[in-house]
Each structure stands twice: as structure tokens, then as C-alpha cells.
Protein chains: 2
Amino acid sequence: MKKKDALPKGWATSADVAARAGVSRSAVSRTFTEGASVSPATRARVLKAAEELGYQVNRLARSVIQRQSSLVGIVVPGMQNEFVVQLLGPLAENLAHHSLAPLLIDARDPAQMASKLRYLLQYRVAGVIFTSGSPPIELAQEYLRLRVPVAMINRDANLESVDVVTSDNQEGGTLAADCLIKGGARRLAYVNLPSGTYSGISRGAGFSEAVARSGIASISLELVQGTIPDYAGGVDVAAQLLDRPPERRPDGVFCANDLLAFGFLDAARYDFGLRVPEDIAIVGFDDIPMASTQGFALTTIRQDVEALAREAVGLLVQRMAEPTTLARTRRIPVQLVPRATSKS
Amino acid sequence: MKKKDALPKGWATSADVAARAGVSRSAVSRTFTEGASVSPATRARVLKAAEELGYQVNRLARSVIQRQSSLVGIVVPGMQNEFVVQLLGPLAENLAHHSLAPLLIDARDPAQMASKLRYLLQYRVAGVIFTSGSPPIELAQEYLRLRVPVAMINRDANLESVDVVTSDNQEGGTLAADCLIKGGARRLAYVNLPSGTYSGISRGAGFSEAVARSGIASISLELVQGTIPDYAGGVDVAAQLLDRPPERRPDGVFCANDLLAFGFLDAARYDFGLRVPEDIAIVGFDDIPMASTQGFALTTIRQDVEALAREAVGLLVQRMAEPTTLARTRRIPVQLVPRATSKS
DNA sequence: ACCCGTATTGCACTCGTGTGCAGTCTAGGC
DNA sequence: GCCTAGACTGCACACGAGTGCAATACGGGT
């Protein structure tokens, strides 16, 4: 009678494996714990028995005793913003490198935000990553009190123990301004994100300063506050900004993200019959995949999504090991990608 | 001296709450367990104490004892496919209604797939949802052995215990064909997804059958196998399909998803200078947000993302309660959204 | 042969929670 | 006043794992 009684009652426990391998439960535990002391011989026997039984460590039980799970909350403001979505893949991948798993929280609705964040705590997450303009910062206070590491992507924090990794938004604004000015634009406009967004403000600041620095006297600059940071929002802003006599119409526009730029671009050429970039040049921000299509061919500022994700996870992991380190900020370089909506 | 010693050592446990409320730990547990027997009086005292201590149930510990977590794995094939991304939000929301949380697994790389799925098991997930063309089905076998509920969105399964919820792909193909034929197209083409994709095959089948059913003798139909289901893939296929004399060029094309259609559309009008829909009509599938922009204005078949997510979660939850029910299939209706790339 | 340092091993306790069981309390009918 | 059903409550055990500590085994130097 062979050992055909494998895979019996569903989940195998470490005790099952121990019994089959003829060792103590401790040995099994140590086999699956990195850095623990097990002889190669027993280790091999345990692994064999585990394989035969289809044993998988119960990470929940492990988390209970270690008083920390291997889950990391990822808080996103809905899935509309393609840029945030692009972060998800790299984030998941980088977390996996540290044996962490992403727990996805969609915080589109600010009303439910508080309860969702509290809910996340029930899983004793090892850390949280907030992306872009997601949550009012006060809500993160409870995390800080409990010393749950927090990292933010493209947000400011101004808290002593919250790491921030952000694209160099200001530099991006500067690049955009230089590009437009060099292309000959003199009536500039900046289409911002909804008010209060950190990214939007920084990009605008860089843009404005570069315009001032240009030293060109005849140059004008107009700042427009967007309400919705998507295609329709771009169309709306364009309707308001382009419905003027040509001499008062902007001839160079910087949109705080690509979706806004798409909307603005389409409105400009289809609704107002303008030629781009001859009558008006447009620069976006993000470089989402659609920006490189022939129909848009949008000149834009590229964010390094991979680097943002890598740094965010890196900082978070460091903080898990050393929870009291002071807040650090990583600024990721951005890059101008010239395409067909600008002259340079 | 007031009770100012609240929020002491980080995480409060049920024992802390019990002590503060002057009840047993069981009472605390029952207060946070739906349907358990607690008197309104003690319940109130427990809640008060819990509030004061900032107590949050430790779902990990709960999961250990209940031998099942409240985590649900969501397996996606990368974040390129916008349609899949659109599912994420509604899925998360519907899961939340059942006190479940989504554990995100990016299975873009088929090589790592097996290990990622195994890893997911370590969290004793309460169920798994596979989206679109993600994983070779054999990999799900281990889940079935362990009786972990599995649901699939827009995939076939042909397994006795795997629920399937899918858009009515076949009907979608039919709608596309009818739309093109009614618009006068006679040389039809179907641009498929990469080979073996369930959705792609079904859509093609519906398309082909509708063409056959039309009874028009002079009609021709060409099937093209795509390799990459994105914008670049669409451009590639167009290059191959449109580089012919006009009388042999298709005049009506159905693309298996919107990204393919975008690429095909742009290639047709920009690379080949064709007028759409006069020279060639194009119909897509999905109705992602970009399809409604003025630049594309793509006629397409809309999938009901909300319904897909709702049904998938619903079936999964039912199966958690009743693990042995036979596999069920939910077919979600689709809808033709006529825009500017077709004549009807 | 003896001693000692090092590498393994197992015992037993621990983590924070759910839940069966038996005991206690309350209200209501007689 | 007594009895009984029903609603609560608490005790004690369970879940599946990590880990300090002491015990053991091993190897080498004298």
C-alpha cells in the first residue's frame, strides 16, 4: 500500500507536513522562514512532503503572530485617470519582489473614503500607497498613529513620517513652457487640474516661472482652473478659452494631463476649426499610450511610471524595516516628448 | 483623573475592549459578528469602548479561525486593456458590498502566472475572479481541488464548478455585421484577437453567421488573426489589409476591440488616406471612454461593465455559500452604439 | 578520552479571534 | 410563588502558524 492518501481534506497544515516528513512542526515553519536554522537534510524532506501534500503557508496565520500582514493597500481615485492605472501594474510587480501583495481600494467617492480606509486597517496592512489626488490627508492620521508606513505618489504630504515620490512636476511645467515659447507662442494658457491638486499646482508653478524667466515682454499668461480632469473637461475649457477673436485667443496651451489635452485638442480643431500647431500649440502631461497615436500625436511631458512605482515601494519597504525614519522625498525626472501638436 | 489613557500601545485587541467595557471577550466578538446574540445594552457599551480605543477587528485572525479570508483574488492580464481596467472599479465596489476586498494579481507574464496563483492561495482567498484572456485554465485546477470558488469574466471555462459571466459576444458580432451590411458594405473583414481568445472567437462567430444569414450573394468575408490586441496591432493589420487595389479592399471592418479599431481607423485615414465611413466603415467592441471622443467617434458594441462585475461577484458570493452548485453562465446583453465610423 | 563551541531540533507558549456548551438571568403564564 | 422558554453571557478550546529556550548532536582540538 503506497502513500496514495495524499491531498486528503483540502488545506494541508504545517502539522500535516511535519507528520509526513517525520519532523516537528517547528522544522516545517523554519523551512519556510527565510534565514531560519534548518539542516539541508530536514529541509529537503520537509519540502518533499510539502510538495506531495500541496502545502501552502497560511500567510494569514503567519501575519497574526507576526502582528503584521504582507498586504499593502493601494488607494486610487477611481479608474478614470489612465495614468494612475498605469501605475498599478508596476506597483504590483515591485510589491511582489518583496513578497507583498496589493490590496486595491477604489476611493472615487470621498464620502466612503473614511470607512474604506478604516476597513483597510482591519487587514493590518503592512503599509499604504496613496496615488495622485486621492484622499484628504487628515484621513491618513489614523495610519500615522498606528505607525503604518504611508507613501504617496504625486502628492504632497508635509508630514514628518510620510514618504513622497513625485514626478518633477515643476520641471515638467518648465519644459512645457520652453517648448511652447520656442515654438513662437506668445499668448500662453495653463489648464489646471481641479483646485487644490498638488500635481496641478506644481506644474502650473513651473510653467509660470519659466514664462516669467523668458523675459519676453509681449508674452501673456492665463491660468484656467479645470473642474474635471478628463476629456470632457478639456472640451469645456476649450469652449471657454477659444471662443474669442483670434488676437485674444491663446496660441500655446499647456494642459495638466493628457486627457485634458485630448479634449482641448479635439475641441480646437473640430469645434473651432483651428490648425494645430499652426494656430495653437498644445502640450500635455503624462504620456499615456493614447498620446502617441496618430490621431492625437500629442506633444507631452512623460512621467516615468516604472520609476515612480519602484521608488514608492522601495521607500515603503524601508520604512517597514525602520518605521521612525524622517520623511523622504524622491523627485523623478520627467521628459519632453515632442510630437505633432507643437512646433518644437 | 479621567480616562485619558486611551489609544495606548497601537493596536487595540478585543481583550482591551472587553476590559474597558467590563464584559467578556466573547461579548466583544459577538458585537462585531453579524447575527450573534448580544443584548442591546452590552452591545452599546462594547461599541463605545471600541470607539474610544480605536478598535478594529483583526480580520486576519478572524480569517484564521473561520478558515477562510475575506479576500478575493482578481487576476488581470496586465493593465494595457482598458476594458479590463474599467472592470476593476465596479468589481471592487461590488466586493465591498459583501465585506470582501480585492487582491490584485497582474498576470501579464504567463511564465510567472503559476507561481502568482499559488502565492494567492497562501492568503486563503475566499474566491478568485479571472478577467478576459488571462490564464491557461489548467492553472485553476488547484483552486478547484481546494474548492476555492472561481468565476470568469469573458472567458469560457467548461468546468463543472466554474461560473462564467460573459458579454453576449456572439450577439455583438451579429450587431456589428448587421450594422456594416445595412450601411452598404459588401467586402467585410473581421480583425480577431490573438488566437485562442474566447471573446474573439465568439465575436467572430456571431459576425460570420450574421453575414451568412444576410443571404446577399455578392458579399465576401475575410478573417484576420491579430497578434497584439492594441492600437499598434490595429495599425499592423490595417497595413496588411488595406494595401490593395480598391476593388479588393474591405469596405466594412469589425475589430474585436476598440483599441484595435483605433489603430485600424487611424491607419486607414492617415496612412491610406481613406474616408471613413465612405470608403470603409469600422466597428469596434467594448466602448471604452476614448471611443466617444470626437477624434475617433467610433461606432462600437458596448459592454455593460457594471453588470459584468455585479454578476461575477454575485455568482462568486453564492458559490461561497454553496460551493457545490453546478456551474452557471450569465450572458450580459450588449448594445450597438452608432457613431461616425459607420453609416448606420 | 575529554571539553567546548556551534548547528539543529523540539517543547511549549504566543498571536487575536470565533464559537459550542453550559450556566445565568428575565419575563410571562398559571 | 413557581415553572419554563428564551435570551444573554462567559469559560474554555480551537485555528495555524512563529519563536525563545533548553536540550541534543556533532565536530575538532587538546
Side-chain angles (χ1 to χ4, degrees), chain A residues 8-47 49-50 53-71 99 119 121-126 146, chain B residues 8-47 49-50 53-71 99 119 121-126 146:
Chain A
K9 41 173 178 162
W11 296 105
T13 75
S14 65
D16 298 335
V17 178
R20 185 174 191 107
V23 298
S24 82
R25 210 176 50 66
S26 306
V28 178
S29 172
R30 288 193 247 262
T31 299
F32 290 98
T33 303
E34 201 156 359
S37 167
V38 206
S39 76
T42 53
R43 179 189 184 78
R45 287 169 55 197
V46 167
L47 285 179
L53 293 175
Y55 171 72
Q56 297 287 129
V57 178
N58 185 334
R59 277 191 121 82
L60 302 171
R62 168 182 288 184
S63 300
V64 169
I65 204 172
Q66 293 185 336
R67 323 186 79 164
Q68 169 159 310
S69 77
S70 44
L71 299 169
S99 292
Y119 183 72
L121 285 174
Q122 301 188 348
Y123 289 97
R124 299 299 187 265
V125 284
L146 294 166
Chain B
K9 40 169 181 166
W11 296 104
T13 74
S14 64
D16 298 335
V17 178
R20 184 174 192 108
V23 298
S24 80
R25 211 177 46 66
S26 304
V28 179
S29 173
R30 288 193 247 262
T31 299
F32 290 98
T33 304
E34 200 155 1
S37 168
V38 207
S39 77
T42 54
R43 176 188 187 80
R45 288 169 55 196
V46 168
L47 286 178
L53 293 176
Y55 170 72
Q56 298 285 130
V57 178
N58 185 334
R59 278 191 119 82
L60 302 171
R62 168 182 287 184
S63 299
V64 169
I65 204 174
Q66 294 185 333
R67 326 188 75 165
Q68 168 159 312
S69 77
S70 44
L71 298 169
S99 292
Y119 183 72
L121 285 174
Q122 302 188 348
Y123 289 97
R124 300 298 188 266
V125 285
L146 294 166

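Every heavy atom of this structure was used, including side-chain atoms; hydrogens, water molecules and symmetry mates were not. Lettering of chains follows the sequences in order, A, B, ..., and the numbering in each one begins at 1.
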Classify the side chain of S26(A) and the base of dT19(D) as holding, or not holding, a donor-acceptor pair under 3.5 Å. yes
Taking N and O atoms by type only, does the side chain of R25(B) place a donor or acceptor under 3.5 Å from a partner on the base of dT17(C)?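 Indeed, a donor on one side and an acceptor on the other fall under 3.5 Å apart.
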Which one, [options], comes nearest to the side chain of [X]?
X      : options                   : result
T13(A) : dT9(D), dA17(D), dG18(D)  : dA17(D)
I65(B) : dC11(D), dG18(C), dG18(D) : dG18(C)
R30(B) : dC11(D), dG16(C), dT17(C) : dC11(D)

Using whole Å, what does the distance between atom P of nucleotide dG16(C) and atom CG of L60(B) come to?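 To the nearest whole Å, that distance equals 11 Å.
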Could you check how far OH of Y123(B) sits from C1' of dG16(D), rounded to whole Å? 16 Å
OP1 or OP2 of [N] under 4.0 Å from side-chain N/O of [X]:
X      : N       : value
S14(B) : dT17(C) : yes
S63(B) : dC15(D) : no
R59(A) : dA17(D) : no
S29(B) : dG18(C) : yes
R62(B) : dG18(C) : yes
S24(B) : dC11(D) : no

Derivation and outcome, side chain to side chain contact (heavy atoms under 4.5 Å, CB included), residues T42(B) and T31(B): CA-CA 8 Å; T42(B) 54; T31(B) 299; 5.8 Å; no
Got a second to check how far E34(A)'s CD is from S99(A)'s OG, nearest 0.5 Å?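 OG of S99(A) is found 7.5 Å from CD of E34(A).
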Taking the cut-offs as 6.0 angstrom to the six-membered ring centre and 45 degrees off its axis, would you call R124(A) and W11(B) a cation-pi pair?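 Yes, R124(A) and W11(B) form such a contact.
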